[in-house]
Amino acid sequence: MSGHKTTEASPDIVTGILTVQSHDVYALIDPGSTLSYVTPFVAMEFRIEPDQLHEPFSVSTPIGDSITAARVYRGCVVTVHGRDTMADLIELGMVNFDVIMGMDWLYSCFAKLDCQTRTMRLEFPNEPVVE
């Protein structure tokens, strides 16, 4: 994540700017989310054709609504401090963030979150740590 970590109304979330497909996006790092998501507005800029999910599914929002997810953008390049990573981003209509990076991406990046300082470390094997 580049820049400073900021919080919305809650001090227990980590947000910041990531670069996805060469576009700076406002991201929520959410270990409580199994998958990673992107808004349709941002995804239009990626110049990637989405795939239809074999089985669309419903995603619950924090206010109790349900949104259907039916498309995925596969192999998106997510750059963190000059280090390229990959993510499959599921299209989801949301308003507070451009992307939500979930456990699928965090796991693939060997991420460690420090909830006290709201920082993230990517500890790829045999590479310098990215914080």
Side-chain angles (χ1 to χ4, degrees):
M1 309 257 320
S2 63
H4 292 43
K5 304 330 175 258
T6 60
T7 60
E8 292 291 311
S10 175
D12 59 349
I13 63 173
V14 179
T15 63
I17 303 298
L18 288 176
T19 303
V20 180
Q21 291 294 116
S22 301
H23 293 82
D24 288 344
V25 297
Y26 186 50
L28 168 67
I29 305 301
D30 186 1
S33 178
T34 303
L35 302 171
S36 298
Y37 301 94
V38 62
T39 66
F41 178 76
V42 170
M44 288 186 323
E45 302 295 320
F46 290 173
R47 292 184 169 82
I48 295 176
E49 282 297 316
D51 291 336
Q52 294 291 348
L53 293 172
H54 293 293
E55 294 185 32
F57 60 93
S58 293
V59 177
S60 298
T61 68
I63 59 171
D65 291 338
S66 184
I67 302 171
T68 300
R71 300 179 349 154
V72 60
Y73 294 82
R74 298 196 188 278
C76 295
V77 177
V78 180
T79 307
V80 182
H81 286 292
R83 175 40 159 105
D84 287 346
T85 66
M86 302 295 280
D88 291 342
L89 301 174
I90 297 170
E91 186 178 276
L92 191 67
M94 52 189 163
V95 294
N96 293 334
F97 301 98
D98 297 327
V99 296
I100 296 174
M101 303 308 293
M103 281 301 293
D104 58 339
W105 179 74
L106 291 167
Y107 177 82
S108 74
C109 293
F110 301 86
K112 293 187 178 172
L113 296 177
D114 183 334
C115 297
Q116 186 69 35
T117 61
R118 292 192 305 269
T119 58
M120 176 178 66
R121 294 170 57 96
L122 305 183
E123 299 183 357
F124 293 97
N126 304 314
E127 292 185 28
V129 171
V130 175
E131 186 169 319

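Heavy-atom basis, side chains included; hydrogens, waters and symmetry copies ignored.
- Note: the hydrophobic cluster containing Tyr107 does not contain Leu122 (ILVMFWY, side chain heavy atoms under 4.5 Å, direct or indirect links).
- Take Thr85 and apply the side-chain hydrogen bond (donor to acceptor under 3.5 Å, both in side chains) test, not counting sequence neighbours, and it matches Trp105.
- Considering CD1 of Ile90 and OG1 of Thr34, their distance stands at 9.5 Å, rounded to 0.5 Å.
- Note that CG of Asp24 and OG1 of Thr79 are 9.5 Å apart. Values are rounded to the nearest 0.5 Å.
- Listed here is the closest heavy atom pair of Ser108 and Phe124: O-CE2, 3.8 Å.
- When the side chain to side chain contact (heavy atoms under 4.5 Å, CB included) test is applied to Val129, the partners found at least two apart in sequence or on another chain are Arg121, Glu123.
- With a 4.5 Å cut-off on side-chain heavy atoms, Val59 and Leu92 count as touching.
- Residues that satisfy the side-chain hydrogen bond (donor to acceptor under 3.5 Å, both in side chains) test with Asp114, not counting sequence neighbours, are Thr117.
- Linking ILVMFWY side-chain heavy atoms closer than 4.5 Å, directly or via other members, places Phe97 and Ile67 in a single hydrophobic cluster.
- With side-chain heavy atoms closer than 4.5 Å counting as contact, directly or through intermediates, the hydrophobic cluster containing Val77 also holds Met86.
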Please list, one pair per line, the donor and acceptor atoms closer than 3.5 Å that link side chains of residues 40-52 to other protein atoms, with sequence neighbours excluded.
| residue | atom | partner | partner atom | Å |
| --- | --- | --- | --- | --- |
| Asp51 | OD2 | Arg74 | NE | 3.0 |

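- Under the rule for a side chain to side chain contact (heavy atoms under 4.5 Å, CB included), the partners of Thr68 that lie at least two apart in sequence or sit in another chain are Pro56, Ser58.
- For Leu113, the side chain to side chain contact (heavy atoms under 4.5 Å, CB included) test picks out Ile29, Pro31, Leu106, Met120, with sequence neighbours left out.
- Checked by atom type and distance alone, the side chain of Ser36 never pairs as donor or acceptor with a backbone atom of Leu89 at under 3.5 Å.
- With sequence neighbours excluded, no residue satisfies salt bridge (Lys or Arg N to Asp or Glu O under 4.0 Å) with Glu55.
- Residues that satisfy the side-chain hydrogen bond (donor to acceptor under 3.5 Å, both in side chains) test with Glu91, not counting sequence neighbours, are Arg71, Tyr73.
- Every residue two or more places apart in sequence or in another chain that forms a side chain to side chain contact (heavy atoms under 4.5 Å, CB included) with Ser33 is listed here: Asp30, Tyr37, Ile100.
- Legend: salt bridge (charged side-chain N to carboxylate O under 4.0 Å, His left out) pairs involving residues 99-108, not counting sequence neighbours: none detected.
- Separation of atoms SG (Cys76) and NE2 (His23) is listed at 11.5 Å; rounding is to 0.5 Å.
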